[in-house]
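Remember, it's a predicted structure, so these values are computed and weren't measured experimentally.
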Amino acid sequence: MAVTGVGLDVDRQQQLRAVLTLLLCKHRVDCHDQAVANLSKIASRLDAFMDLMGPVIGVMLLAVGIETYRNGGSMGWPIAAAVLLVINFWVAWRRLTRRRKPASSP
(Lines give C-alpha, C1' and ligand atoms only; values in the text may rest on other atoms or scores of the structure.)
Protein backbone atom coordinates (compact mmCIF):
# COMPACT_ATOMS: atom_id res chain seq x y z
CA MET A 1 0.00 0.00 0.00
CA ALA A 2 1.08 3.56 -0.66
CA VAL A 3 2.06 5.69 2.29
CA THR A 4 0.46 9.14 2.50
CA GLY A 5 1.90 12.29 4.01
CA VAL A 6 0.66 11.52 7.54
CA GLY A 7 2.19 8.05 7.66
CA LEU A 8 -1.05 6.01 7.25
CA ASP A 9 -1.85 3.78 4.32
CA VAL A 10 -5.01 4.31 2.30
CA ASP A 11 -6.92 1.40 3.88
CA ARG A 12 -6.21 2.68 7.37
CA GLN A 13 -7.36 6.20 6.41
CA GLN A 14 -10.62 4.79 5.03
CA GLN A 15 -11.15 2.80 8.22
CA LEU A 16 -10.52 5.88 10.35
CA ARG A 17 -12.95 7.93 8.24
CA ALA A 18 -15.60 5.23 8.64
CA VAL A 19 -15.10 5.10 12.41
CA LEU A 20 -15.23 8.90 12.72
CA THR A 21 -18.37 9.01 10.59
CA LEU A 22 -20.05 6.45 12.83
CA LEU A 23 -18.99 8.32 15.98
CA LEU A 24 -19.94 11.79 14.80
CA CYS A 25 -23.13 10.91 12.91
CA LYS A 26 -25.44 8.78 14.99
CA HIS A 27 -27.70 8.16 12.06
CA ARG A 28 -27.35 8.67 8.36
CA VAL A 29 -29.53 11.35 6.78
CA ASP A 30 -30.44 10.29 3.25
CA CYS A 31 -32.75 13.14 2.41
CA HIS A 32 -32.00 16.87 2.35
CA ASP A 33 -35.41 17.61 3.91
CA GLN A 34 -34.54 15.48 6.94
CA ALA A 35 -31.23 17.28 7.34
CA VAL A 36 -33.00 20.65 7.33
CA ALA A 37 -35.53 19.40 9.89
CA ASN A 38 -32.71 18.24 12.15
CA LEU A 39 -31.01 21.63 11.89
CA SER A 40 -34.31 23.30 12.71
CA LYS A 41 -34.67 21.14 15.82
CA ILE A 42 -31.15 22.04 16.93
CA ALA A 43 -31.82 25.74 16.36
CA SER A 44 -35.06 25.51 18.34
CA ARG A 45 -33.34 23.89 21.30
CA LEU A 46 -30.51 26.42 21.17
CA ASP A 47 -33.07 29.23 21.14
CA ALA A 48 -34.78 27.77 24.22
CA PHE A 49 -31.42 27.48 25.97
CA MET A 50 -30.64 31.12 25.21
CA ASP A 51 -34.07 32.13 26.58
CA LEU A 52 -33.19 30.45 29.86
CA MET A 53 -29.78 32.13 30.03
CA GLY A 54 -31.39 35.58 30.40
CA PRO A 55 -32.68 34.97 33.95
CA VAL A 56 -29.37 33.36 34.93
CA ILE A 57 -27.48 36.46 33.83
CA GLY A 58 -30.10 38.63 35.57
CA VAL A 59 -29.53 36.80 38.87
CA MET A 60 -25.77 37.28 38.53
CA LEU A 61 -26.25 41.01 37.85
CA LEU A 62 -28.54 41.30 40.86
CA ALA A 63 -25.91 39.65 43.08
CA VAL A 64 -23.25 42.06 41.79
CA GLY A 65 -25.62 45.02 42.25
CA ILE A 66 -26.37 44.05 45.86
CA GLU A 67 -22.66 43.56 46.59
CA THR A 68 -21.89 46.96 45.05
CA TYR A 69 -24.59 48.59 47.18
CA ARG A 70 -23.24 46.93 50.35
CA ASN A 71 -19.78 48.28 49.54
CA GLY A 72 -21.09 51.84 49.39
CA GLY A 73 -22.28 52.01 45.79
CA SER A 74 -25.45 53.51 44.45
CA MET A 75 -28.87 51.97 45.16
CA GLY A 76 -29.47 52.23 41.42
CA TRP A 77 -27.35 49.14 40.67
CA PRO A 78 -29.53 46.59 42.50
CA ILE A 79 -32.70 48.32 41.31
CA ALA A 80 -31.56 48.21 37.68
CA ALA A 81 -30.49 44.58 38.06
CA ALA A 82 -33.86 43.66 39.60
CA VAL A 83 -35.69 45.34 36.72
CA LEU A 84 -33.54 43.44 34.20
CA LEU A 85 -34.19 40.19 36.07
CA VAL A 86 -37.96 40.70 36.00
CA ILE A 87 -37.85 41.54 32.28
CA ASN A 88 -35.72 38.46 31.56
CA PHE A 89 -38.15 36.23 33.49
CA TRP A 90 -41.08 37.74 31.63
CA VAL A 91 -39.46 37.22 28.20
CA ALA A 92 -38.43 33.65 29.03
CA TRP A 93 -41.90 32.81 30.36
CA ARG A 94 -43.64 34.29 27.32
CA ARG A 95 -41.40 32.53 24.79
CA LEU A 96 -41.38 29.15 26.53
CA THR A 97 -45.16 29.07 26.97
CA ARG A 98 -45.56 29.97 23.30
CA ARG A 99 -43.40 26.96 22.39
CA ARG A 100 -45.54 24.57 24.44
CA LYS A 101 -48.85 25.57 22.90
CA PRO A 102 -49.55 24.07 19.48
CA ALA A 103 -50.42 26.61 16.83
CA SER A 104 -54.14 26.75 16.20
CA SER A 105 -55.13 25.98 12.65
CA PRO A 106 -57.70 28.21 10.93
Residue R70 excluded, over 12 heavy atoms near CZ under 6.0 Å: no

Spatial distance of atom CE (M50) from atom CD1 (I57) [nearest 0.5 Å]: 7.0 Å

Same cluster (ILVMFWY, side-chain, under 4.5 Å), V83 and V91: yes

Y69-I79 co-clustered via ILVMFWY side chain contacts under 4.5 Å: yes

Joint hydrophobic cluster, L61 plus I66, side-chain heavy atoms closer than 4.5 Å: no

Taking every non-hydrogen atom, the tightest pair across A92 and D51: CB-O, 3.5 Å

L52 side, atom CG; D47 side, atom CG - distance, nearest 0.5 Å: 10.0 Å

Heavy-atom pair of closest approach, residues P78 and L62: O-CD1, 3.6 Å

